[in-house]
S.K.: 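I'd like to ask you about the structure that follows.
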Amino acid sequence: LKPSGLRPILARAASASPRAAAWRPGAMVNIPKSRNTYCRKCKKHQPHKVSQYKTGKKTGKAQGDRRYEKKQKGFGGQTKPVFHKKAKT
């Protein structure tokens, strides 16, 4: 076999599933560093720097948290549904 005869076969195998080729375990999602948004100072759309924020620590003082704790108190076991179905990956 000629080496040039193997290249198209390998190329077809790699391009058979574009999703499989792009997916890497543990790879971070690419997010643009800037975004075109409205500037109040300039009164027009201009590129602004953007960054990702992480969720802050829960204090447990929110109305829903207090209501849930009060409902859980005492006898009767679990009062709200607990989600068990995980995503199929």
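All figures in this text were calculated on a predicted structure; none of them were measured in a lab.
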S.K.: Under a 3.5 Å distance rule, please check whether Gln72 uses its side chain to pair with a backbone N or O of Thr79 as donor and acceptor.
M.R.: yes

S.K.: State, yes or no, whether a side-chain contact exists between Cys39 and His45 at a heavy-atom distance under 4.5 Å.
M.R.: no

S.K.: Side-chain contact test, heavy atoms from C-beta onward, threshold under 4.5 Å: evaluate it for Ile31 versus Gln52 and give yes or no.
M.R.: yes

S.K.: Any non-hydrogen side-chain atom of Lys71 less than 4.5 Å from a side-chain atom of Lys80?
M.R.: yes

S.K.: So, taking the atom named NZ in Lys70 and the one named CG in Asp65, what distance separates them when rounded to the nearest 0.5 Å?
M.R.: 15.0 Å

S.K.: Between His84 and Val82, which heavy-atom pair has the shortest distance, and what is it?
M.R.: CD2-O, 3.2 Å

S.K.: Within the structure provided, determine whether Lys49 and Arg35 are in side-chain contact (heavy-atom separation under 4.5 Å).
M.R.: no

S.K.: Is the closest side-chain heavy-atom distance between Lys43 and Tyr38 below 4.5 Å?
M.R.: yes

